[in-house]
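Below you'll find the structure, written out as structure tokens, and then a few comments.
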Amino acid sequence: MLDEKKVKLMTHLALYEQTQGEEDFKISAYYRKDYVSLHVIYSFISVTIGYVCAAALVALAGFDVLMEKMSNGFILLLLLVAFIGYILIVGIYIGISSYVFNRKHKAARQRVKRYNHNLIKLLKMYEKENE
């Protein structure tokens with residue numbers, strides 16, 4: 001005879017496995033520090049590539065002004081401003097991505113723990129039924 005509680009629990013487990021479970025299992029396979037560090041490194045690389053591309057576009061757009069005001073002091077000032085802007089943007093972006101991926105790992109880990117708890121509950125239901 002089918003037990004309504006078991007059917008509901010199995011349906012809930014199957015639905016979780018098909019929706020969020022696959023991604024959550026991949027995320028929770030990492031330690032939180034490793035998961036966050038990996039994504040912070042990806043973020044750093046992405047921001048660096050984006051910043052270099054944006055700086056190249058700005059430099060090409062303002063090339064005529066740069067040639068008119070060509071002096072060592074002006075070029076040094078532009079490089080200093082570009083470097084400080086890069087450091088600020090990278091710092092902000094890394095801080096945000098660290099926070100986001102830390103929360104994402106924590107939420108996924110909690111869902112996987114709840115899933116494991118429900119699996120144990122289902123196993124106990126089957127053991128109780130077989131006794």
Side-chain angles (χ1 to χ4, degrees):
M1 184 112 193
L2 289 176
D3 185 14
E4 187 177 333
K5 288 182 182 180
K6 276 197 298 190
V7 172
K8 284 183 180 180
L9 188 58
M10 289 186 330
T11 305
H12 180 70
L13 291 170
L15 183 64
Y16 173 74
E17 286 175 2
Q18 292 175 354
T19 55
Q20 294 176 320
E22 195 171 313
E23 183 180 348
D24 286 350
F25 295 142
K26 289 178 185 176
I27 290 172
S28 65
Y30 291 98
Y31 289 112
R32 184 181 303 167
K33 183 179 177 184
D34 294 340
Y35 180 75
V36 172
S37 298
L38 179 68
H39 283 83
V40 165
I41 291 170
Y42 289 157
S43 299
F44 173 77
I45 292 170
S46 300
V47 168
T48 300
I49 291 170
Y51 191 82
V52 167
C53 290
L57 285 175
V58 169
L60 287 175
F63 190 70
D64 56 341
V65 174
L66 183 64
M67 283 298 159
E68 290 174 5
K69 297 182 179 183
M70 182 76 95
S71 71
N72 289 339
F74 183 69
I75 292 175
L76 187 62
L77 178 68
L78 284 178
L79 289 176
L80 184 65
V81 168
F83 182 71
I84 291 172
Y86 172 73
I87 296 298
L88 286 174
I89 288 175
V90 165
I92 290 169
Y93 201 85
I94 284 177
I96 290 170
S97 62
S98 175
Y99 174 77
V100 166
F101 287 110
N102 201 351
R103 291 194 66 193
K104 187 174 182 179
H105 184 277
K106 187 175 181 179
R109 191 72 191 131
Q110 287 175 347
R111 287 190 297 266
V112 169
K113 282 183 181 180
R114 195 173 325 122
Y115 172 79
N116 287 336
H117 175 72
N118 286 338
L119 278 178
I120 291 169
K121 188 192 277 188
L122 184 64
L123 180 65
K124 287 182 181 179
M125 286 180 183
Y126 274 111
E127 287 176 353
K128 186 177 180 182
E129 183 180 281
N130 289 335
E131 288 180 354

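These values consider heavy atoms only, across backbone and side chains, with no hydrogens, waters or symmetry-generated copies. Along the sequence shown, residues are numbered consecutively beginning with 1.
Atom NZ of K106 and atom CG of N102 lie 7.5 Å apart (nearest 0.5 Å). Atom CD of E127 sits about 10.5 Å away from atom CG of L122, to the nearest 0.5 Å. With values rounded to the nearest 0.5 angstrom, L123 atom CG is found 12.0 Å from N116 atom CG. With rounding to the nearest 0.5 Å, the separation of CD1 in I92 from OG in S97 is 12.0 Å. Separation of atoms CZ (R32) and CZ (R109) is listed at 9.5 Å; rounding is to 0.5 Å. Residue N118 holds its CG atom at 5.0 Å from CG of L9, rounded to the nearest 0.5 Å.
Connection of V90 to V36 is established within a shared hydrophobic cluster, with ILVMFWY side chains joined at heavy-atom distances below 4.5 Å, either directly or through further cluster members. No continuous path of ILVMFWY side-chain contacts below 4.5 Å connects I96 to V47, so the two sit in separate hydrophobic clusters. Follow the hydrophobic side-chain contacts under 4.5 Å out from Y31 and you never reach V100; the two are in separate clusters. Cluster annotation: Y93 and Y99 are assigned to distinct hydrophobic clusters (Ile/Leu/Val/Met/Phe/Trp/Tyr, side-chain heavy-atom contacts under 4.5 Å, transitive). F83 and V58 fall into different hydrophobic clusters, defined by Ile, Leu, Val, Met, Phe, Trp and Tyr side-chain heavy atoms under 4.5 Å apart, directly or through other members.
Take Y115 and apply the side chain to side chain donor-acceptor pair (under 3.5 Å) test, not counting sequence neighbours, and it matches E17. By the side chain to side chain donor-acceptor pair (under 3.5 Å) test, S37 pairs with no residue at all, sequence neighbours left out. A search for salt bridge (charged side-chain N to carboxylate O under 4.0 Å, His left out) contacts involving K8 returns E4, not counting sequence neighbours. Shown here are the side chain to side chain donor-acceptor pair (under 3.5 Å) partners of E23, two or more places apart in sequence or in another chain: K104. Under the side chain to side chain donor-acceptor pair (under 3.5 Å) criterion, Y86 pairs with T48, sequence neighbours left out.
In this structure, H105 contributes its side chain and Y30 its backbone to a donor-acceptor pair below 3.5 Å. Looking only at distances, no side-chain donor or acceptor of S98 sits under 3.5 Å from a matching main-chain atom of I94.
Cluster note: L88 groups with L80, I84 through ILVMFWY side-chain heavy atoms spaced under 4.5 Å, whether in direct contact or through intervening members.
By the 6.0 Å contact criterion, CG on D64 is enclosed, its count of non-hydrogen atoms from other residues, nucleotides or ligands being greater than 12. Applying the 6.0 Å contact sphere to OH of Y42 captures no more than 12 heavy atoms from other residues, nucleotides or ligands.
G85 approaches Y51 most closely through the heavy-atom pair C-OH, 3.8 Å.
Note: Y16 and F25 have perpendicular aromatic rings, judged against thresholds of 30 and 60 degrees for the angle between ring planes. Taking the six-membered ring for Trp and thresholds of 30 and 60 degrees, H39 and Y35 have ring planes inclined between 30 and 60 degrees apart.
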